Amino acid sequence: MKMVACGCCAASWRRCVVMSLRLLFLLPAGLPVRSQGESQSDNKQMDNITIRQGETLFLSCLQGDFVTHTAWLNRSSILYAGEDKWSVDPRVSLVTLNQDEFTIKIEDVDLTDEGQYICAVQTSSRPRTTSVHIIVQVPPKIVNLSKDLVVNEGSNVTLMCLANGKPEPAIGWRMLSPSDDSLSSDSEVLEIPFISRYRAGVYECTASNDIAVDTQTVELTVNYPPSVSDGRDVGVTLGQRGVLQCEADAVPEADFEWYRDDRRIFNGFDGIEIEDAGAFSKLTFFNVSEADYGNYTCVAINKLGSANTSIILYVQDGNSGTSTVFTPTCLLLVVLLQLLLKF
């Protein structure tokens, strides 16, 4: 292929540059080119340049003596022809142009800037080109992540994490809080079959390449029915303050109900106060009477089920420290005994 030498373009240097450089660009790197005067051009291929997205790229080529015209190209577009800027991209600017050096810069480099760049120099005798391939590296960015999940115990759970980056990022999952190294994955997907309440927590997805690391988290909530701790019987002397406590483990948190035998007790009933706080419920007697002694039931309920426990409020002798459990039958015998003692 013949090339139109810029030295013979009397009409227009710009038109000559376009014609010559397009011809040079179409030729394989390193292939000799001859001008109309049969002078051989020099085509040099530089080592690839790797740069991170967002950084500033400087492109330089040496000029030497007897240089008449110079230009920088990006693929088939002319960026600069001498001091004349042909690119409309505001990120591209001229840094140095003298007898020894022709340097331009590209700010805030992006993936669209990747590719081959050519510096073309026209001397008094022949054209010369230097080409370099720019590789743009991109830090990883997680672009698609499972939302926070609320599932019932026993469900099968799938967590998904997708990320972009260059080089292509490696993706992994781990259970972050509470920490559990046994529950992890080296892929975009984390499968948790038949999930238990002990697998609830915060899961972290990590996307990493040679440039950086990106992490995001997913919170996994596992619902399960209540379980109630065994109630502790409470001994109280007559006229004193007595408190029955009930604790339930459940997600979502349980609602509490209190019963005396089969009769439900409401807050404020006969001077009794019921106070619920998270996983705990308290039944408070401010002035215990004989009628208050007996068996009480605490019931914890959420949408998945219920559980209960029984607590006995019994008489405790304030002097001797001994105690007596009063059931309804026992209470009746005590009352009869007191009546008989009066006669």
Side-chain angles (χ1 to χ4, degrees), residues 150-155 178 194-201 219-343:
V150 179
V151 298
N152 292 339
E153 192 170 38
S155 301
F194 201 70
I195 193 167
S196 72
R197 66 192 69 182
Y198 308 107
R199 297 300 192 187
E219 185 170 0
L220 183 56
T221 302
V222 179
N223 291 334
Y224 53 90
S227 59
V228 179
S229 302
D230 291 337
R232 294 182 59 185
D233 297 340
V234 177
V236 181
T237 58
L238 284 170
Q240 298 300 309
R241 183 173 179 269
V243 178
L244 306 184
Q245 297 189 58
C246 181
E247 180 182 0
D249 179 25
V251 176
E253 286 186 345
D255 294 321
F256 292 92
E257 295 178 359
W258 286 91
Y259 292 85
R260 169 72 183 271
D261 299 326
D262 294 329
R263 182 182 56 163
R264 184 174 177 182
I265 303 171
F266 293 94
N267 194 28
F269 176 79
D270 287 345
I272 298 175
E273 180 183 80
I274 299 175
E275 182 182 359
D276 297 339
F280 294 90
S281 182
K282 293 194 302 182
L283 183 68
T284 302
F285 303 86
F286 293 97
N287 185 7
V288 174
S289 66
E290 291 181 352
D292 294 327
Y293 295 119
N295 186 54
Y296 292 83
T297 300
C298 170
V299 181
I301 306 167
N302 71 5
K303 63 181 181 180
L304 297 181
S306 64
N308 64 81
T309 187
S310 293
I311 304 173
I312 295 176
L313 179 67
Y314 59 86
V315 177
Q316 180 172 298
D317 190 334
N319 295 324
S320 64
T322 59
S323 60
T324 306
V325 177
F326 283 83
T327 63
T329 302
C330 183
L331 286 172
L332 180 59
L333 292 174
V334 169
V335 172
L336 290 174
L337 181 59
Q338 288 178 342
L339 290 174
L340 290 173
L341 291 173
K342 290 181 180 180
F343 294 99

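Everything numeric here is computed off the predicted structure, so don't read it as measured data. Note that these values count all heavy atoms, side chains included, but never hydrogens, waters or copies made by symmetry.
Here CD1 of I272 is found 5.0 Å from CD1 of I265. Values are rounded to the nearest 0.5 Å. The structure places CD of Q245 at 8.5 Å from OG1 of T284, a figure rounded to the nearest 0.5 Å. Taken to the nearest 0.5 Å, the OG atom of S155 stands 15.0 Å off from the CZ atom of R199. A distance of 8.0 Å separates OG1 in T297 from CG in D261, rounded to the nearest 0.5 Å. The distance from atom OH of Y198 to atom CD of E153, rounded to the nearest 0.5 Å, is 7.5 Å. Distance CG/D270 to CG/N287: 12.0 Å, rounded to 0.5 Å.
With V222 as the partner, the side-chain contact (heavy atoms from CB on, under 4.5 Å) test is satisfied by one option alone out of V251, N152, V151: V151. The only member of Y259, F285, F256 that meets ring-ring contact (aromatic ring centres under 6.0 Å, His included) when paired with Y296 is F285.
The closest donor-acceptor contact from the side chain of E275 to the backbone of K282 lies at 3.5 Å or more, if one exists at all.
When every heavy atom of A200 is checked against every heavy atom of P178, the shortest pair comes out as O-CD, 3.7 Å. Considering every non-hydrogen atom in both V234 and R232, the closest pair reads CG2-O, 3.4 Å. Of all non-hydrogen atoms in C246 and W258, the two that sit nearest each other are CB-CZ2, 3.7 Å. Of all heavy-atom pairs between P225 and N302, the closest is CA-OD1, 3.8 Å. Counting all heavy atoms, side chain and backbone alike, A307 lies closest to S227 at CB-CA, 4.2 Å. Closest non-hydrogen pair, V236 versus G242, comes out as CG2-CA, 3.7 Å.
The closest side-chain heavy-atom distance from F269 to R260 is not below 4.5 Å. Looking only at side-chain heavy atoms (C-beta outward), N267 and E273 come within less than 4.5 Å of each other. Residues E257 and I301 meet the side-chain proximity criterion, which asks for heavy atoms closer than 4.5 Å. Within the 4.5 Å cutoff, the side chain of N223 has heavy atoms near those of the P252 side chain. D249 is listed as a side-chain neighbour of Y224, based on a closest heavy-atom distance under 4.5 Å.
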Legend entry - Verdict with supporting geometry, T309 and D230, side-chain hydrogen bond (donor to acceptor under 3.5 Å, both in side chains): CA-CA 6 Å; T309 187; D230 291 337; 4.7 Å; no
Inset, instruction - Go through the steps for L220 and I195 under the test side-chain contact (heavy atoms from CB on, under 4.5 Å), then give the verdict. - result: CA-CA 10 Å; L220 183 56; I195 193 167; 3.3 Å; yes
